[in-house]
Colleague: 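Sharing a structure here in structure tokens format.
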Amino acid sequence: MALFQLSRRDALILALFALVVVTMPVWTAPFGANYPGLMQKFAIYAIFAIGFNILFGLTGYLSFGHAAFLGVGSYTAVWSFKLLTMDALPALLLAVVISGLFALVIGFLSLRRSGIYFSILTLAFAQMSYNLAYSVLTPITNGETSLQLTLQDPRLIDLAFTTRGAGLPTASLFGVTLSGLSGFYFCAVVLLIAFFFAQKVFASPFGMMLRGIKSNQMRMSYTGFNTRPYALTAFVISGMYAGLAGALLAVTDPLAGAERMQWTASGEVVLMTILGGVGTLIGPVMGAWLIKYFENIFSSFNEGILSRFFDFIPAPLHDTVVAIASKFVGEGWQLTLGLLFVLVVVFLPGGIMEGVRRIGALFRRGNPPKAGAMRVQPAE
Amino acid sequence: MDAILAQLLNGLDKGGAYALIALGLTLVFGTLGVVNFAHGALFMLGAFCAVTFRYLITLETVTVDPTQTTAWGTALEVRTPLAQTWFGDWGAVLIDWSVPLSILLAIPVMLVIGIVMERGLIKHFYKRPHAEQILVTFGLAIVLQEIVKAIFGPNPISQAMPTALRGAADVGALIGLAPGALTYPLWRLVYFLFSAGVIAAVFGFLRFTTFGMVVRAGMADRETVGLLGINIDRRFTIMFGLAAVVAGLAGVMYTPLLPPNYHQGMDFLVLSFVVVVVGGMGSLPGAVAAGFLLGILQSFASMNQIKSILPGIDQIIIYLTAVVILLVRPRGLFGRRGMMEN
Amino acid sequence: MTTTERNVVLHVDDVSKNFGGLHALSDIDLEVEEGQTHAIIGPNGAGKSTLLNVIIGRLAPTSGAVVFDGQVLTGKKPHQINQLGVARVFQTPEIFPDLTVLQNVMVPAFARRDGAFRVNVLRSVEREAALRDEAEAILEDVGLADRRLSHAGALSRGDKRRMELAMCLIQHPRLLLLDEPTAGMSRHDTNTTIDLLQKIKARGMTKVIIEHDMHVVFSLADKISVLSGGRIIAEGLPDEVRGNIKVQEAYLGGAHRLEAVH
Ligand SMILES: Nc1ncnc2c1ncn2[C@@H]1O[C@H](COP(=O)(O)OP(=O)(O)OP(=O)(O)O)[C@@H](O)[C@H]1O
Ligand SMILES: [Mg+2]
């Protein structure tokens, strides 16, 4: 069936990617990142970034408000848990539908403008959602305390079949509890499906038209394409990805707070995508993993760990080195992150994938690759 | 009527801050073509110039140790003897007036920061896509705010305004209302007048100096000016420094209204971008008008009467205005066609 | 050419276009017959490109209307006009610089096959063998077959123009508008392009061509209109226009103006 067909190359990439994702608990161990909570985040934010890249990477429209869809997804999923059932599937489904509708409205309005005007419109909508979630929408969002499960939740479907347990329930899939590793593997499967669908989009005529819009939107119109619905479709798809990611966040931890919608969160997914490589399939995934890794691991480093790490340095220097290095970890991990961005953009504007391509080219008899959409040289 | 006037006034100081930041953003965008996400950080650095200044002069009065002070900026060396010689009354006055006086520190410091930033990083991004400019300046903003956090800590550091400016002005009396009917905190009035003064100075500079004329010509048509053999780049570097100074000054004077913290730059940046876009990307009068407009709208939206009709409006008014203006007037209030649309 | 058999497909009806106080086009009337090549010549700034912009919907005329094959184009969106069978090669090449040459030519083929909007994520571009073969054949025609995997942004100006021509040809437009299709090309490439355009003329495609190169104009045109200062100052068969004194004046005047500007 055409639905499941992939080109040879894409099928191979998908298989390799699946292998990498499934074995994540193994290869993250040396980095100290093999605990489920973090690996779940790896999978979830990869979905978020892949979806964002379908909009930004293919059409070139830079949204600064995608966190709003993430937040909507989370709220929807938690409400699905509260009202209907702790099963994850209805939660994901509802979240995708609702965030898709949300994206349809915001996208319809925002796509009337392009360039930075589009970015500001999306930012404005997201900030409105965020501010409203904290204020007048408190009945839906529970404001600052975040939306959580309670012992009194109706859970109509669940309670029609079973009686209420003692504590708060956890999310499940057909009765199997999703927590810890099982939670991770659930997210991993969803990630693989999301990745597969992105591959389909990238390889399809639809994806090619989106690239055309990015490259020269005016030419697309004079070539007979109605570009607005194309961009809107991409916007809605990427909003659905964000909603899906948000719902998964709620599956792994049934709690939804407005801070998820803040513009810093929108900025983060932009950075993940650019850091990894805009317009590539794997890049955003790598960007997401790297940033989540920095956030979780680097921020937990402290002077004690550093002190042991720099043990090999003689005493007088040792304290200075530890003191300096400590500015970059723990509380200061964002400093590292900021520096990293500056360095990547200056020296590797195509992101990590550009670096991979360049290294790959070195192996192919030092033959520098033809730079595609990416610029290879730092501007001078 | 009084209530409306009061809200108008209330919006002025915030509007002044928005206008000053947006003015700098627009200058940088108009001259260098760079979308500078680190501009809010410059506002924040200005605020911390005030913190530093106060720290230094209070440091002087406690520990009289000249060797410690030389490590700090040049501007201090001028001040040092003052604080020491007139340790008694004058020292106290100096400390009392530290916020406005820190302008003297902020101007050279911000100019240097701006020029270093432009020469060191921004200039490499003139011709790069806006997305990359956004990313690199965003990264820079994070670095700057983290450095400030490492030095000054994560908590806001409140700055007192001079005692003499602490009260409220009876603005109502000035325009013939009953005494006390309409009062307005003096410092906010000072801030508004100060921002109006800085704005006037910037416009005057651009309009009446040869330097400013070249820069304006360059904003309108960079290539032609370049063809005339004028070294536009050096002037643009100085413009970047100037924009940094303007943002810094806005930050210095805002410290008594909002205790500076390391992340305030980002908070103001988002709003300022909205302001710039509402005003019309690349339009200086637009930036100023939109700054005040949004400041005033925000203060109206926080009136209880309005909130009771439109709950939550105070939370979203700025963004809502931005959305409406962008959808109705695509290029903002004063925008030129074709600016930044790709 | 007998007037009885005239079959006018493009009808520019009393079109004017002002930019502020500038009258870029004043009361233009133009009729283009099916299958013919209609050349528009005139000095720089005469309004030639503006006329094409009005036809394809990039600019709305201040007054007047454009009718193509019984349909009023004025007021329609650019993509609708293209879907009616009007394609254009621009004066400064409008291409997809980030795509390969082959992709550049395939994209318009999709517009012809799938219409103005179709979300098609099930199929893969790789499997669109028929369209790809067609694109490759047309690239062969314009002489770019060996560059088909290059990035379009890296092509020379002349190659970009030939690729843009291929992008239009693959749509089999009923009306092809060409804005200086040979500018920036070598003499050799110009001649190949002339050959190519003559070949498609044999297939009966209607063309409006703007050209400064008189060699090209006289090789291709069935009819010539001379535009100057936004007005049509002469019109007729190539031989009639060649000798027209007003035309020479217009060019001379244009040259003077050009010098004054630069
Ligand atoms: N979008 C526009 N806004 C304002 N003026 C315009 C615009 N487009 C064209 N013009 C002006 O209209 C006049 C006609 O321009 P047009 O490009 O149609 O000339 P042309 O005949 O194609 O010249 P050339 O041979 O140089 O291509 C010129 O004076 C030009 O400056
Ligand atoms: Mg022209």
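Labels below follow one simple rule: chain letters A, B, ... track the order of the sequence lines, proteins then strands, and each chain is numbered from 1.
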Colleague: Which one of A:Leu123, A:Ile106, A:Leu55 satisfies the side-chain contact (heavy atoms from CB on, under 4.5 Å) criterion with A:Ser63?
Modeller: A:Leu55
Colleague: Does any backbone or side-chain atom of A:Leu109 lie under 4.5 Å from a heavy atom of chain B? Answer side chain, backbone, both or neither.
Modeller: both
Colleague: Would you indicate whether the side-chain heavy atoms of B:Gln133 and B:Phe29 approach each other to under 4.5 Å?
Modeller: no
Colleague: Please classify the contact between A:Leu271 and chain B as side chain, backbone, both or neither, with a heavy-atom cut-off of under 4.5 Å.
Modeller: both
Colleague: Of the listed residues (B:Leu121, B:Thr137, B:Ile142), which shares the most heavy-atom pairs with chain A below a 4.5 Å separation?
Modeller: B:Ile142
Colleague: Do A:Arg228's NZ or CZ and the ring of A:Tyr230 fall within the cation-pi criteria of under 6.0 Å and 45°?
Modeller: no
Colleague: Taking the six-membered ring for Trp, are the ring centroids of A:Phe69 and A:Phe235 within less than 6.0 Å of each other?
Modeller: yes
Colleague: Go through the atoms of A:Phe64 and report whether side chain, backbone, both or neither lie under 4.5 Å from a heavy atom of chain B.
Modeller: side chain
Colleague: When you compare the side chain of B:Met117 with that of B:Asn36, does any pair of heavy atoms fall below 4.5 Å?
Modeller: yes
Colleague: By a 4.5 Å heavy-atom criterion (distance strictly below it), what part of B:Ile317 contacts chain A: side chain, backbone, both, or neither?
Modeller: neither
Colleague: Could you check if a side-chain atom of B:Val275 sits within less than 4.5 angstrom of a side-chain atom of B:Phe292, using non-hydrogen atoms only?
Modeller: no
Colleague: Heavy atoms only, distances under 4.5 angstrom: which of A:Leu343, A:Leu137, A:Val270, A:Ile274 has the most pairs with chain B? Name it, please.
Modeller: A:Ile274
Colleague: Suppose a student defines contact as a heavy atom less than 4.5 Å from any heavy atom of chain B. Which residues in residues 124-134 of chain A would they list?
Modeller: A:Ala124, A:Phe125, A:Gln127, A:Met128, A:Asn131, A:Leu132
Colleague: Which residue pairs pass the salt bridge (Lys or Arg N to Asp or Glu O under 4.0 Å) test with at least one member in residues 283-296 of chain A, sequence neighbours excluded?
Modeller: A:Glu268-A:Lys292, A:Lys292-A:Glu295
Colleague: Do B:Ser272 and B:His39 pass the side chain to side chain contact (heavy atoms under 4.5 Å, CB included) test, and can you show the C-alpha distance, the side-chain angles, and the key distance before you say yes or no?
Modeller: CA-CA 9 Å; B:Ser272 312; B:His39 199 74; over 6 Å; no
Colleague: Between A:Met261 and A:Val72, is there a side-chain heavy-atom distance shorter than 4.5 Å?
Modeller: yes
